2 protein chains.
Amino acid sequence: MPTSTSDAPATGLRERNRIRRTRRVEHAALTLALEHGVDHVTVDMICEASDISPRTYFNYFGTKEGALLGQPAPDPDESLVGDFLAAHGPIVEDLMVLMARTFLASSPDREVFAMRRRLFAQEPELHALQVTRVAHKRQATVALVLRRLTERCPDLDAAAARDHAQLVMSVAMGAFLVVSLKWAEGSGEHSDIETYIHAAIDQIRRIVTP
Amino acid sequence: MPTSTSDAPATGLRERNRIRRTRRVEHAALTLALEHGVDHVTVDMICEASDISPRTYFNYFGTKEGALLGQPAPDPDESLVGDFLAAHGPIVEDLMVLMARTFLASSPDREVFAMRRRLFAQEPELHALQVTRVAHKRQATVALVLRRLTERCPDLDAAAARDHAQLVMSVAMGAFLVVSLKWAEGSGEHSDIETYIHAAIDQIRRIVTP
DNA sequence: ACGCAAAAGTGCAGTGACTGCAATAATGGG
DNA sequence: CCCATTATTGCAGTCACTGCACTTTTGCGT
């Protein structure tokens, strides 16, 4: 019986196996992609290397790139959302910080994390895909922006607010792509990314004024 | 015999056929996509509807979505590039205007153009793909931005200028996605798009300042 | 007009991503 | 320890896409 000399009493054997397997597959996928380049790697190769059936691979990750990008982006943490809604900086900056923290919070595995950074640095298309996939949560995030917007400026036309939120989202995503790539090429320290974000906002301000 | 009561003496029969065929295929593809939704349409369906072999389809368009998105974005016109380099507005705005004009210059066929607009409005993923594909010219466009940048501020660190240009490009692309979608939903008049762009720039300025 | 070389269109066979379905193998609770 | 639930797998099939070899079309010189 699993009588809990262990540290994770809440999770059963099933869950632990699933996590261990996921890690193993991601690791194998990243290793292969770093060695041969993404599009010289087949799903079958990944499966053979990680001792899993192709069918199960797709059950886990859905697409070939799934194992390279990691699990579908998690919903932002409650507290992070609260920070965003309460923050007093430029809205784009605060949103980018939210994106960055959510992203960082989802990669606890150091080694996989580092490999992913290296892969992104050498395969920009994959990185763009990652950003696109984060954007798949676009609807939810736009709603968040809208909420903060209407809380601050209750006297705003609804349609105008919606357009505004869309624009905030798009600009944040565009800038985030550049920032995250730069950060990935550089130190990769968690704290640094917010510095990069702040610098980017400064630049944008200069960009949109003659 | 095609003895030239025609109007285009410079282009041979070959070229004219190619263009006519391209139009026919694009029209068929758009019709099918609008009716059934993009991912319920197969390449074989398009080919059957436009009386072309699948192999030829891929020779023409490369990917399934190729016929929906139209020919790969053309290089910006010389004069438009000149305008961009000489313009005195905020650099992001000028860049977006360049993108818009280049885009508009490439769609002479009214009907196909209108269908594409409708399709983009109802399939956002496709529209994002379009913007991504425009970005495939990213390297060239970034170089353009860099050129204008160094002409204006010769005393700028090279690495900093490169980062700056990347950011300009990303922000412009992000904003352009929103603007073009809004424009597509609205009037679709060529002149209107620059108004939208200008308004977007104003908004961005407000966005990045508390 | 005619024939020939280059270019374009096509058929075919194959690869690889991805899905639905049905059979099989853990797993965890009673 | 058995059984219902859930996860893993094999299999067959669809679809996007590619390389290669073959046929047709076109442009051109004679």
Side-chain angles (χ1 to χ4, degrees), chain A residues 1-4 6 8-26 28-29 32-33 36-69 71-72 123 125-126 129 132-133, chain B residues 1-4 6 8-26 28-29 32-33 36-69 71-72 123 125-126 129 132-133:
Chain A
M1 296 144 191
T3 4
S4 65
S6 169
T11 69
L13 169 62
R14 207 156 217 157
E15 185 69 3
R16 262 177 294 138
N17 272 350
R18 200 183 59 77
I19 292 176
R20 195 158 40 83
R21 244 196 217 192
T22 300
R23 288 251 165 87
R24 203 176 60 221
V25 177
E26 288 180 357
L32 286 168
H36 303 112
V38 175
D39 39 41
H40 290 91
V41 175
T42 72
V43 171
D44 286 353
M45 287 166 69
I46 300 173
C47 292
E48 196 165 344
S50 54
D51 196 36
I52 199 181
S53 90
R55 195 59 186 84
T56 303
Y57 177 92
F58 283 108
N59 282 343
Y60 271 60
F61 301 103
T63 69
K64 172 186 172 183
E65 294 83 8
L68 301 174
L69 300 180
Q71 311 285 35
E123 307 235 12
E125 289 186 18
L126 198 65
L129 191 68
T132 299
R133 218 180 48 161
Chain B
M1 299 140 180
T3 1
S4 64
S6 169
T11 70
L13 170 62
R14 208 157 217 156
E15 185 69 2
R16 263 177 293 139
N17 272 350
R18 202 182 58 78
I19 291 177
R20 196 158 40 82
R21 244 196 218 195
T22 301
R23 289 252 165 89
R24 205 176 59 221
V25 177
E26 288 181 358
L32 286 167
H36 303 112
V38 174
D39 40 42
H40 291 90
V41 175
T42 71
V43 172
D44 285 353
M45 287 167 68
I46 299 173
C47 291
E48 197 165 342
S50 54
D51 196 37
I52 199 181
S53 89
R55 195 59 187 83
T56 304
Y57 178 91
F58 282 108
N59 282 343
Y60 270 60
F61 301 104
T63 70
K64 173 186 170 182
E65 294 82 9
L68 301 174
L69 299 181
Q71 311 285 34
E123 307 235 13
E125 289 186 17
L126 198 65
L129 192 67
T132 300
R133 219 180 48 161

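We name chains A, B, ... by the order of the sequence lines, and we start the count at 1 in each one. Every value quoted in this text rests on a predicted model; they were computed, and no experiment measured them.
The closest donor-acceptor contact from the side chain of A/S50 to the backbone of A/I46 lies under 3.5 Å. Within the 3.5 Å criterion, the main-chain N or O of A/K64 finds a donor-acceptor partner in the side chain of A/Y57.
Rounding to whole angstrom units, NE2 of residue A/H40 and P of D/dT18 are separated by 13 Å. One atom, CZ of B/R16, and another, C1' of D/dG27, lie 13 Å apart when rounded to the nearest Å. The CG atom of A/N17 sits 9 Å away from the C1' atom of C/dA26 (whole-angstrom rounding). A straight line from CD of A/E15 to C1' of C/dA26 spans 15 Å, rounded to a whole angstrom.
No hydrogens or angles considered: a donor-acceptor pair under 3.5 Å links the side chains of A/N59 and A/R55.
Classification of B/E15 and B/R18 as a salt-bridged pair holds, one side-chain N sitting under 4.0 Å from a carboxylate O.
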- Query: Taking it one step at a time, do A/T22 and A/E26 satisfy side chain to side chain contact (heavy atoms under 4.5 Å, CB included)?
  - Reply: CA-CA 6 Å; A/T22 300; A/E26 288 180 357; 3.5 Å; yes
- Footprint string (nucleotides 9-19 of chain C, 5' to 3'): B base within contact, S backbone only, - free, heavy atoms under 4.0 Å: SBBB---SSBB
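From B/T63, atom OG1 reaches atom CG of B/L69 across 6.5 Å, with rounding to the nearest 0.5 Å.
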